[in-house]
There are 2 protein chains.
Amino acid sequence: MFLARDRWLCNLSTMEKPLETIIVDSILDAIADQRLHAGTKLGEQALSDLFGCNRAHVRRALGTLTAYHVVDHLPNRGAYVATPTPQDARDVFQARRAIETVICRNAVRQATSEDIAALRVHLAQEALARGGGDRSAAVRLSRGFHLLLGRIGRNPVLLRYLEELTMRSSLIIGLYATGHGTLCADDEHTRITDAIEARDMDAAQDLLDQHLRHIEAGIRFGDDAPVTGALSMALRRDAR
Amino acid sequence: MFLARDRWLCNLSTMEKPLETIIVDSILDAIADQRLHAGTKLGEQALSDLFGCNRAHVRRALGTLTAYHVVDHLPNRGAYVATPTPQDARDVFQARRAIETVICRNAVRQATSEDIAALRVHLAQEALARGGGDRSAAVRLSRGFHLLLGRIGRNPVLLRYLEELTMRSSLIIGLYATGHGTLCADDEHTRITDAIEARDMDAAQDLLDQHLRHIEAGIRFGDDAPVTGALSMALRRDAR
DNA sequence: TATTATCTGATTGTTAACAATCCGTGTTAT
DNA sequence: ATAACACGGATTGTTAACAATCAGATAATA
């Protein structure tokens, strides 16, 4: 099945301390990598078996994922990977612009040379993945760039919101992405990094704002029902 | 699927609140009203008795409050009302400026005449409470103004973040407030409302930004230990 | 045949009992 | 007298059994 049991168990073996966190992060990663599609059911028993743990732990993990608005919880019916509406998408991207522009200014103000080096390394990885044609890796790394920027900004409050918003963005892109052009253009990330290194606050902010608008523009909403979600919702019977 | 619609209509007709929500809101209100001080323990048994319910419900409620960052959860030790540090305060207020300025622009764009009427009503209530000298009511209503603005902005994502941030702000004000001037000045709310009614987007945004800076300036951080919470926090083995 | 009613297997929600951990107190030894 | 240790009460964390609810399937009726 697409759940890639191997990966999950691998995660479980690697980090051993907080059990609930492992479950949450695993599901989050699976969604970001688009191995988990919008609308698929997350049964408690199935997850308990997968992670070899109690059902209560799974239940709490699903609770925090619901708080993140990345899964929808229907009472007496179970938890499903959320299916954002086009309006949700617009709201999420507006929130991203509001938050990331400030994060970007913080980054320009506080970035150390190590931070910029880390950004350069990340850009190289992105280029590599893009060259290899690995779409899911490209999506994950693209998100990683924004998160790295968020960490450089050094405002934990904004960083936490950014984590949630980029997660929901991954879902949205997986749902509404038109075949091409929806991913973060590599050169835009590069130019943002250049502006940060040049300590040009206004330029960096403006580049990031435009970057987010480009991503949003590459999404085909405004229409009716989501594409992938409806299908997987209908097919979700075989997911058990 | 029409099943979802059934569920929705059912919710609309019954209007019954989930038990967990009641607990969360009660604690949140108590914190906003400063009847619950920073650092006070929230025992599971005590809360179960108070609300006449199972301990599991209390546990989930405390979980969501922890997700809101309004209570700190120490493993094997219990849940305590959070004690924000001065740095937390700065981060929270920067996040508020980032989010509320966008909310404000949305409000200017989308406010109906009913919305503005609601704002005027709220301003009257604020003036009343301020005249009566009821400090906790003033704090609550001041938060209410910002939340009302958030609802008028009609972006649920930003509204949710605003709810959390204003909640944390209440805690911060309760901790660090100097005796006077820390509350939202009534006339600032009024001028913001005027700008919204005049559809002056830039003016409204700027007034709100300055308003938030004034609130932040009225807080005496930069020093070391918090005032109210320090005692109750210091008595127990402190967290980090 | 189409529609409604009922039944059943499966899944979620709740509760209480059990286990692990921590804090305060009292004892003991140096 | 002080510090280390150990014990008891209380609180949190975990687990499994039980109850409630839902989706799908089967049967019944017009």
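Below, read A as the first sequence line, B as the second, and so on, with proteins coming before strands; counting in each chain starts at 1.
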K.L.:
Whole angstroms only, please: what is the CG-P distance between A:Leu19 and D:dT15?
P.N.:
9 Å

K.L.:
Under a 4.0 Å N-O cut-off, is there an ion pair linking B:Glu216 with B:Arg97?
P.N.:
yes

K.L.:
CD of A:Glu44 versus C1' of C:dG13: gap in Å, rounded?
P.N.:
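Going from CD in A:Glu44 over to C1' in C:dG13 covers 8 Å.
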
K.L.:
Please identify each residue that fulfils side chain to side chain donor-acceptor pair (under 3.5 Å) with A:Asp88, with sequence neighbours left out.
P.N.:
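Testing A:Asp88 for side chain to side chain donor-acceptor pair (under 3.5 Å), a comparison that skips the adjacent residues, returns A:Thr85.
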
K.L.:
Taking only residues two or more places apart in sequence or in another chain, which ones pass side chain to side chain donor-acceptor pair (under 3.5 Å) with B:Arg59?
P.N.:
B:Glu44

K.L.:
Using a cut-off of strictly less than 4.0 Å between a heavy atom of the residue and any atom of DNA chain D, enumerate the qualifying residues of residues 56-63 of chain B by number.
P.N.:
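Going residue by residue through residues 56-63 of chain B, the ones with a heavy atom under 4.0 Å of DNA chain D turn out to be B:Arg59.
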
K.L.:
My understanding is that only residues two or more places apart in sequence, or in another chain, count here; which of them pass salt bridge (Lys or Arg N to Asp or Glu O under 4.0 Å) with B:Asp25?
P.N.:
B:Lys17

K.L.:
Give a yes/no on whether any side-chain N or O of B:Asn54 is located under 4.0 angstrom from OP1 or OP2 of C:dT14.
P.N.:
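For B:Asn54, the contact criterion (side-chain N or O under 4.0 Å from OP1 or OP2 of C:dT14) is not met.
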
K.L.:
Could you tell me how far apart A:Arg55 (CZ) and C:dG13 (C1') are, to the nearest whole angstrom?
P.N.:
8 Å

K.L.:
Indicate yes or no: does A:Glu164 engage A:Arg160 in a salt bridge with an N to O separation below 4.0 Å.
P.N.:
no

K.L.:
How many whole angstroms separate atom NE2 of B:His73 from atom C1' of D:dT11?
P.N.:
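Taking NE2 of B:His73 and C1' of D:dT11, I get 12 Å after rounding.
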
K.L.:
Output the rounded distance in Å from CD (A:Gln45) to P (D:dT15).
P.N.:
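Nearest whole value for this atom pair: 14 Å.
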
K.L.:
Here's a test for you: under side chain to side chain donor-acceptor pair (under 3.5 Å), which of A:Arg143, A:Glu100, A:Arg96 qualifies with A:Thr166?
P.N.:
A:Arg143

K.L.:
Answer yes or no: does a side-chain N or O of A:Lys41 lie under 4.0 Å from OP1 or OP2 of C:dA10?
P.N.:
no

K.L.:
Less than 6.0 angstrom separating the ring centers of A:His146 and A:His211, yes or no?
P.N.:
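Judged by ring-centre distance (under 6.0 Å), A:His146 and A:His211 do meet the cut-off.
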
K.L.:
Report all interatomic pairs (protein N or O, nucleotide N or O of nucleotides 20-22 of chain C) with separations under 3.5 Å.
P.N.:
none

K.L.:
I'd like to check the side chain to side chain donor-acceptor pair (under 3.5 Å) partners of B:Asp115; sequence neighbours left out, ordered by chain and number.
P.N.:
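Partners of B:Asp115 under the side chain to side chain donor-acceptor pair (under 3.5 Å) test: B:Thr112, B:Arg154.
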
